[in-house]
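Numbering of ligands and ligand atoms starts at 1, following listing order. Worth knowing before you read on, the calculation uses all heavy atoms, side chains too, and leaves out hydrogens, waters and symmetry mates.
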Amino acid sequence: MIGLSGRNNYFAYAISALTQQPEFEVAQITLKSYAKLNLYLAVINKRRDNYHNLFTLFERISLYDTITLKSRGDPGINIISDSKDIPLDRSNLAFKSAELLQKRFCPGKGVDIKIIKRIPVGGGMGGGSSNAATVLLGLNKLWKLKLSAPKLVHFAGEIGSDVPFFIYRCPFAIGTGRGEKIKPLNSLKKTVIWHILAIRRINVPTPLIFREWDKHNFLAKSALTTHKRNVKILTSALRNKDLVSIKKALFNSLEQPAVKIYPDLAGIRRRLEGLGLECIMMSGSGPTFFALASSHDNAVSVSRQLQNKKLWEIHVVKTT
Ligand code: C5P
């Protein structure tokens with residue numbers, strides 16, 4: 001864990017490029033909108049607002065959507081996408097980001113949002129949340145709003161629990177609260193890990209998996225101190241690329257509830273283990289499973305053995 005001043009320094013460094021104002025009018029901007037994995041995800045307890053307190057370690061990965069924002073002279077907000085799996089209306093988190101900034105700061109302006117989708121929808125990799133964060137960062141520049149980093153984080157938290165992590169644009173961070181309170185992990189700034197992703201071609205609704213967790217754990221209150229200790233161990237294992245210790249430390253409270261609802265998810269863990277991989281875990285509320293590879297070549301050769309799977313989408317990705 002790092003202190004507040006360290007966090008602020010890192011924060012300023014991480015998002016300065018997108019909060020600086022250009023000297024000339026920019027009409028269009030294209031940005032990468034990266035996915036995340038949860039290397040550790042502990043559900044602590046259910047809250048009165050029906051959300052759950054979490055203790056999670058996020059990793060930003062190289063799988064990304066591409067977002068182009070084009071300013072409009074009228075107040076229209078339009079989304080177009082090459083994907084049929086995302087909504088193009090208000091229910092899209094990217095739309096919510098644009099609408100929130102428009103209502104508060106720019107009632108006369110609108111935006112055309114083009115989303116080229118590569119992050120699987122409902123896959124547990126935060127694709128929609130990442131798109132929302134990218135629209136906040138992009139419109140801050142396009143509309144010359146000069147919003148400070150803490151303001152952007154605040155708005156991101158209003159849009160969704162996973163959105164603030166993507167505002168920080170850092171490779172690794174701890175998330176607490178609903179997942180919206182972020183502390184970047186400076187000690188892992190230079191750590192790069194290769195992964196094989198195996199993504200079941202189904203859309204898993206996050207609330208369904210949390211409800212399943214409630215059924216079996218609603219009286220249980222897991223010890224935050226234990227999770228803090230475990231994440232410290234995981235952080236140092238990641239820094240040292242110590243796969244034996246990483247294997248022991250990976251954790252996700254939501255894997256069991258997800259497998260209970262979608263029993264065939266258990267098959268991919270067995271398949272990955274059968275290929276000699278050891279560090280395997282589900283991300284978020286699923287259905288994405290990831291495995292750590294020892295190198296890029298190792299990840300590619302394992303992924304080749306997993307190809308031709310109609311039910312599973314396979315990717316090789318790294319920390320970004
Ligand atoms: O915050 P977000 O809109 O992404 O959350 C989607 C749903 O996931 C929530 O409505 C809630 O059912 C569940 N959730 C939760 N606890 C969290 C995050 C999400 O229960 N910390």
Side-chain angles (χ1 to χ4, degrees), residues 33-60 65 79 85-87 89-100 115 117 119-137 152-168 173-183 202-224 227-228 231 251-262 281-288:
S33 178
Y34 291 102
K36 59 88 180 163
L37 296 175
N38 300 87
L39 300 189
Y40 196 98
L41 199 170
V43 181
I44 308 298
N45 59 349
K46 188 171 179 182
R47 310 176 353 166
R48 291 213 173 121
D49 62 5
N50 280 332
Y51 279 90
H52 296 74
N53 283 312
L54 307 178
F55 194 79
T56 186
L57 197 163
F58 288 110
E59 177 192 6
R60 194 171 73 149
D65 297 335
I79 301 185
D85 299 332
I86 61 167
D89 60 10
R90 285 205 150 69
S91 59
N92 189 311
L93 296 185
F95 191 108
K96 286 187 180 156
S97 287
E99 195 174 44
L100 187 153
I115 304 175
K117 205 80 199 145
I119 307 170
V121 177
M125 288 188 286
S129 303
S130 174
N131 293 173
T134 303
V135 170
L136 288 176
L137 289 165
L152 286 172
V153 168
H154 173 77
F155 293 141
E158 280 185 20
I159 290 162
S161 308
D162 280 344
V163 184
F165 167 66
F166 294 106
I167 297 284
Y168 282 80
I174 300 291
T176 54
R178 287 183 288 127
E180 91 286 13
K181 292 183 188 146
I182 300 297
K183 279 188 184 172
I202 49 171
N203 183 338
V204 172
T206 303
L208 179 70
I209 307 301
F210 274 106
R211 277 203 299 276
E212 187 63 23
W213 184 90
D214 291 339
K215 271 196 222 165
H216 302 280
N217 297 279
F218 68 101
L219 285 176
K221 191 170 193 274
S222 56
L224 186 57
H227 295 303
K228 279 186 178 166
V231 166
F251 180 75
N252 188 342
S253 296
L254 297 177
E255 182 172 328
Q256 239 181 312
V259 171
K260 200 153 179 130
I261 296 178
Y262 304 99
M281 189 50 60
M282 190 183 83
S283 179
S285 54
T288 297

Aromatic rings His52 and Phe210: how do their planes relate, parallel, tilted or perpendicular, breaks at 30° and 60°? parallel
Run the side chain to side chain contact (heavy atoms under 4.5 Å, CB included) test against Val204 and tell me which residues pass, sequence neighbours left out. Ile202, Ile209, Tyr262, Pro287
Might you list the protein residues in contact with ligand 1, defined as having a heavy atom under 4.0 Å from one of its atoms, sorted by chain and number? Asn50, Tyr51, His52, Leu54, Gly160, Ser161, Arg178, Thr206, Pro207, Phe210
Please report the C-alpha distance between Thr176 and Leu54 in whole Å, then the side-chain angles of each, then the deciding distance to 0.1 Å, and finally whether the side chain to side chain contact (heavy atoms under 4.5 Å, CB included) criterion is met. CA-CA 5 Å; Thr176 54; Leu54 307 178; over 6 Å; no
Just by modelled atom types, is the Gly177 backbone N or O under 3.5 Å from a matching donor or acceptor in the Arg47 side chain? no
Say whether Asn131 and Asp65, considering side chains only, have a donor N or O and an acceptor N or O under 3.5 Å apart. yes
If you count every heavy atom of other residues, nucleotides or ligands that lies below 6.0 Å from Gln256 atom CD, does the total exceed 12? no
